[in-house]
Asker: 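The following block contains the structure, expressed as C-alpha cells.
The structure presented is a predicted model; accordingly, all values stated were derived computationally and were not measured. In listed order, ligands and their atoms are each counted from 1. Note: hydrogens, waters and symmetry copies are ignored here, and every other heavy atom, side chains too, is used.
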Amino acid sequence: MNGELAIYVHIPFCARKCSYCDFNAYAGADDLVAPFVASVLEEIGRAPEGGRPLRSVFFGGGTPTFLSACDLTLILNAIRRKFAVDSDIEITCEANPTSSDVEKFLALRESGFNRISIGVQSFHPRLLSIAERDHSPAEAIGAVEAARSAGFSNVSIDLIFGLPTQTRQEWEETLERAVSLQTEHLSLYALTIEPGTRFERLHRGRKLTLPDEETELWMYEHAIRRLTQAGFEHYEVSNFAKPGFSSRHNRVYWLNEEYLGFGPGAVSYLRGRRWTNEKHPLRYIRKVQAREDLCTDSEVLDACAALGETLMVGLRLREGVSLSRLQDRFQMDALEVYRDQIEKLMRQGLLEREGDRLRLTYRGLLLANTALMEFV
Ligand code: SF4
C-alpha cells in the first residue's frame, strides 16, 4: 500500500481518571507535559514515510485539550513539515468539556484543525459523578457551543450507555439532549468493565449495579431508532453521522489501511507490520531523548491474518465489505479462506451477502462484538 496515510497523535494526559477508563491516560502528570511535547516533536521529525500525502490527522488521548492550543499547534505544524498535508484533509482534536473554551477552539481552528470530538458521555449529573467525569452537563453543552462559536462545522460527541444504575428514561433524555445540540456526528459506546479500572474493582466487590442485558440492548436499539429518525446515518456499529460527516480518520481503521501513530502507546500499521510505542509517558520521553527504539511490540501479519482482520473491522461498517476489493488486495477469496466462519454466521442469521458485499444483518449488528471475533 502506498497511497495516503492517516496520522494519530496520542496525548496521554487527563485532569482526572474516569471510573471506566483503561486508556493510556494519566492524571497528575502535569510536569511531563513539556518534555512530552518536545519528545513527540522529535518523534515526528524522525518518522518514516516523510513527504507521503495524508488522508487525516487525529489527536486523541487522554485529553488532547489538556495541552495548550500553542502546544497542539506546534505538533500539528511538525506533521505539516514532515508529510504532505492538503488543506481539505480531516484534522480532528478530541476535547474534554473542562479544558475547552472559545479561545482555545479559535486557536485550534486557526491552526488548521477542522473537526472537534467532545467527550460528553451523559447529560445527567448523577451519572457523570458515578463515572467520575470532571464536568457538568452545562459544561459539556458549553463546549459544543464554544466549538460552534469558534467556527467548527464538524463536531462530534461521545456518549456511553449501560452506565451503573442508568435508567431507560435517563438514556432517552441524554439522547434527546444530544439530538438538540445538532452536532454532525455521534459515537455511542456500551459500557464495558475493563481490568484495572475503578469500575472493575467495584464490580468484583459486587458494588456496581449495572443495567441488565435486555435494558442495554433496548438502549442501543432506541438510539438507532431515534438517531435515524433525526437524520443521522448509522454507518458503523457505534457511530452515527449526518450525510457527508462520517469520520474519515476512523474509516482508515475500519478499512484496515495504513496509519502512523505518535506518542506513548500509539500503534502504527505500515507495509504489513503493526507496532506499538512504549506505553508509559516517562519511559517514552527517556527513550526518545536517548534515541532508542520506541517499539515495544511488533508483528508482521501474513496475508491470511490480514484478510481476517480486514473482515473483522470492515464488517463493523453498515455498508459491509466488498469481496472483489478483498480479492484484489489480498489475492485470496475471503469466502474460501473464511468459509467456516462465514457460513456459521450466515446460519445464525448474523451475516448476509448481497451481490459483491458481505455485511452484518440487523441482528448481527446487535451482537457485532462477539460475532466478529470469529475472524480473529
Ligand atoms: S477523559 Fe477520556 S481518556 Fe481521560 S480518563 Fe476520562 S475517559 Fe479516559
Asker: Looking only at heavy atoms of Arg16, does any of them come nearer than 4.0 Å to an atom of ligand 1?
Answerer: yes

Asker: For atom 8 (Fe) of ligand 1, which protein N/O/S atoms fall under 2.8 Å? Skip waters.
Answerer: Cys21 SG

Asker: Could you list the donor-acceptor pairs under 3.5 angstrom formed between side-chain atoms of residues 365-376 and any protein atom two or more places apart in sequence or on another chain?
Answerer:
| from | atom 1 | to | atom 2 | distance (Å) |
| --- | --- | --- | --- | --- |
| Asn369 | OD1 | Arg316 | NH1 | 3.1 |
| Thr370 | OG1 | Leu367 | O | 3.1 |
| Glu374 | OE2 | Lys344 | NZ | 2.7 |

Asker: Flag this pair as yes if the NZ/CZ of Arg109 is under 6.0 angstrom from the six-membered ring centre of Phe152 and inside a 45 degree cone about the axis; otherwise no.
Answerer: yes

Asker: Cluster partners of Leu210, using ILVMFWY side-chain heavy atoms under 4.5 angstrom, listed by chain and number?
Answerer: Tyr20, Leu127, Ile130, Ile160, Leu163, Leu191, Ile193, Phe199, Leu202, Leu208

Asker: Nearest 0.5 angstrom please: Leu345 CG to Glu352 CD, how far?
Answerer: 12.5 Å

Asker: Are more than 12 heavy atoms from other residues, nucleotides or ligands located less than 6.0 Å from atom CZ of Arg274?
Answerer: yes

Asker: Taking atom NE2 of His234 as the centre, report whether more than 12 heavy atoms of other residues, nucleotides or ligands fall under 6.0 Å from it.
Answerer: yes

Asker: Specify side chain, backbone, both or neither for Arg133, according to which of its non-hydrogen atoms lie closer than 4.0 Å to ligand 1.
Answerer: side chain

Asker: Lys82: what forms a side-chain hydrogen bond (donor to acceptor under 3.5 Å, both in side chains) with it, not counting sequence neighbours?
Answerer: none

